[in-house]
Amino acid sequence: MTSPNDSSPRTYPDGSDAFPHHNLLDIAGLQPWEIEYLLDEAEQWVDLNRQSSKHDDRLAGLTVINAFFENSTRTLLSFEIAGKRLGADVVNMHAAQSSIKKGETLIDTAVTLNAMRADAIVIRHGSSGAVQLIADKVDCPVLNAGDGSHEHPTQALLDGLTIRRRKGNISGQTVTICGDILHSRVARSNIICLRTLGAIVRVVGPPSLLPAAIKELDVEVYTDFDAALKGCDVAMMLRLQNERMQGQFIPSPTEYHHLYGLTEERLEKAGGDILVMHPGPMNRGVEIVSSIADDPERSTITEQVEMGVAMRMACLDILTRRSRNVEGWT
Ligand code: CP
């Protein structure tokens, strides 16, 4: 992992541009200054999105396909809104209504989308690595909207943007990620993103929901939620990813809430000014109580959704600059 304190310039020695990647498949492949560049670029879209007229036409004439093989509210809609606000023609493909249901393979689906000359394809898939498989078969940039328990890079970027705006910076912050770390692509992308930018990351959850190799991601590991919360700056709560669980990982949601639910008592006991985050969708009364989730002073849950649109606008803009022949991006 590159040192977060690396003060490398944002251009490469050969003078090439700040973001040399064709796709956005994971956070693991990004340098610290590349992540910061993406966050910086999103700021302009936060400003635009707060105006009554939210339109920019830089993607006019381009086609963006959102191919979602798993359910989504936030990611699908924010990519759709992002593309439309930038002037692109946006088409959504829902797997349930597609020819996947007739037995068409993922690779044949990718080849079909490619033949339609999309200018960017956004993919969510239930299998880790499926987005990479599609990216290898198409010409245009591919953006990973979440693949299995592997990565959800734009979620980590929007979370990073939220933390940076609320706390001033990411480096030096202590972030506690609580819940189903084992099945969570959000946890994985956030751990890599936050560590790359110099945050201290604690993970906490039942032993059954902590990956055996979690220490390889350079995090502090806890099973006691109160201990993990004490002294942290940010608490990132995750839901139980029941759709990815095969078998029983916790005794019951009630038991889980007792040990790992974020409650008023627990937050008060931890002390300090802890910012509470959740990528959504949340299960009220399980990993978080409503009084905290709905308090905009302490919780950033709706702000994260707002940052998601801006962040995805930045990603679509940056990844299509080469095909749009933007000066300096050849
Ligand atoms: N956070 C997130 O990915 O939410 P959706 O599943 O609603 O897209």
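Atoms within a ligand are numbered from 1 in the order they appear, just like the ligands themselves. Computed from a predicted structure; not experimentally measured.
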Report yes or no: do Met93 and Phe79 belong to one cluster of Ile/Leu/Val/Met/Phe/Trp/Tyr joined by side chain heavy-atom distances under 4.5 Å? no
How are the rings of Tyr256 and Tyr260 set to each other: parallel, tilted or perpendicular (split at 30° and 60°)? tilted
If you count the non-hydrogen atoms of other residues, nucleotides and ligands that lie under 6.0 Å from CD in Glu243, is the total more than 12? yes
Does either side chain, that of Asp139 or that of Asn114, offer a donor lying less than 3.5 Å from an acceptor on the other one? yes
Pairing donors with acceptors under 3.5 angstrom, does anything connect the side chains of Ser78 and Arg74? no
Would you call Arg164 and Asp40 a salt bridge, using N to O less than 4.0 angstrom? yes
Residue contacts for ligand 1, heavy atom to ligand atom, distance under 4.0 Å: Ser72, Thr73, Arg74, Thr75, Arg124, His152, Gln155, Pro279, Gly280
